[in-house]
Amino acid sequence: MGNKKSAHKFVIANWKMHGNLKHNASLLGAYASELANLENTQVVVCVPYPYLAQAQTQLQDTDIAWGAQNMAKDVDGPFTGEVSAQMLSDFGARYVILGHSERATAYCESDENIAQKFMVAKKQGITPILCVGETLIEREAGVMELKVGKQLDVIIDLYGVDVFDNTIISYEPIWAIGTGLAATPEQAEAMHQFIKGKLVRQDTASENTVKILYGGSVNPQNAVQLFEVESIDGGLIGKCSLNAQEFKGICQAAESC
Ligand code: PGA
């Protein structure tokens, strides 16, 4: 369960540091009952670490997958406070968000650390959801592709472009996260095309199987417009994932596109 092989779109909830046992129980219950009939959309919920067991208990018999919002770059060892990829697997987590801008800025995560985490997750069989995106200043200066390109290049230079097979990238303009000001479908499409262009394989016979999502103030009103764009494979949803009805509206938008 929890993994639709043929999912056309992904809708991924990022709960950030929200929730408590009681509230989660009803939110996960609502996800499980309201999102049961999606055929083309893989729903994933990325919860705070302490609630992985709760997500596992409540979602294991559903098609909804769960994951974490970060993990350690090391496999194990004396790293107080860190959580390893193996530990995530112990709780059935199949996905992990890496490099979210809220972590990159507040906890000084470097692109190199994120690249290391990306590989460790893959080796553990956990699908990385790599976040990339530019600040408003970078966009206004017209250097957004340089910024996103560098974030991808660190991984490409270390591991090659094929490492992105069966992974997820979420384009998250930092100015759009939590601001209510989503990127326009045109802005998102331009960046998605740029990202796709960077991930073209050496052996051009087969296409990279990476999914490229958009994240930043997606809501039930703007979701269809964004998801209709062919190069947008779904969304990473913060605020609206905390409300079962809004999240359902976004999942239905994905399902209809
Ligand atoms: P938001 O968050 O939907 O609240 O803008 C998106 C994200 O941080 O991934």
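Every number for a ligand or one of its atoms is a count from 1 in the order of the listing.
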Next on the checklist: When you compare the side chains of Gln86 and Ser84, does any donor N or O come within less than 3.5 Å of an acceptor on the partner?
Outcome noted: no
Item to check | Check: Phe164 ring centre within less than 6.0 Å of Phe118 ring centre | outcome: yes
Item to check | Under 4.0 Å to a heavy atom of Ser217 - the qualifying atoms of ligand 1, by number | outcome: 1 (P), 3 (O), 5 (O)
Next on the checklist: Within the structure, is a non-hydrogen atom of Gly215 found at a distance of less than 4.0 Å from ligand 1?
Outcome noted: no
Checklist entry - Where is the nearest protein heavy atom to atom 7 (C) of ligand 1: which residue, which atom, and how far? => result His100 NE2, 3.4 Å
Checklist entry - Any side-chain donor paired with an acceptor under 3.5 Å for Glu134 and Tyr171? => result yes
Next on the checklist: Tell me the nearest of Cys240, Gly238, Gly178, Gly133 to atom 5 (O) of ligand 1, using heavy-atom distances.
Outcome noted: Gly178
Item to check | Sequence neighbours excluded - side chain to side chain donor-acceptor pair (under 3.5 Å) pairs with any residue from residues 246-257 | outcome: Glu34-Lys248, Thr41-Glu255
Checklist entry - Among protein heavy atoms, which sits nearest to atom 2 (O) of ligand 1, and what does the distance come to when rounded to 0.1 Å? => result Lys16 NZ, 3.2 Å
Next on the checklist: Please list all pairs meeting ring-ring contact (aromatic ring centres under 6.0 Å, His included) that have one or both residues in residues 234-257, counting only residues at least two apart or in different chains.
Outcome noted: Tyr31-Phe247
Next on the checklist: Suppose we measure from atom 4 (O) of ligand 1 to each protein heavy atom; which comes out shortest, and what is that distance?
Outcome noted: Lys239 N, 2.9 Å
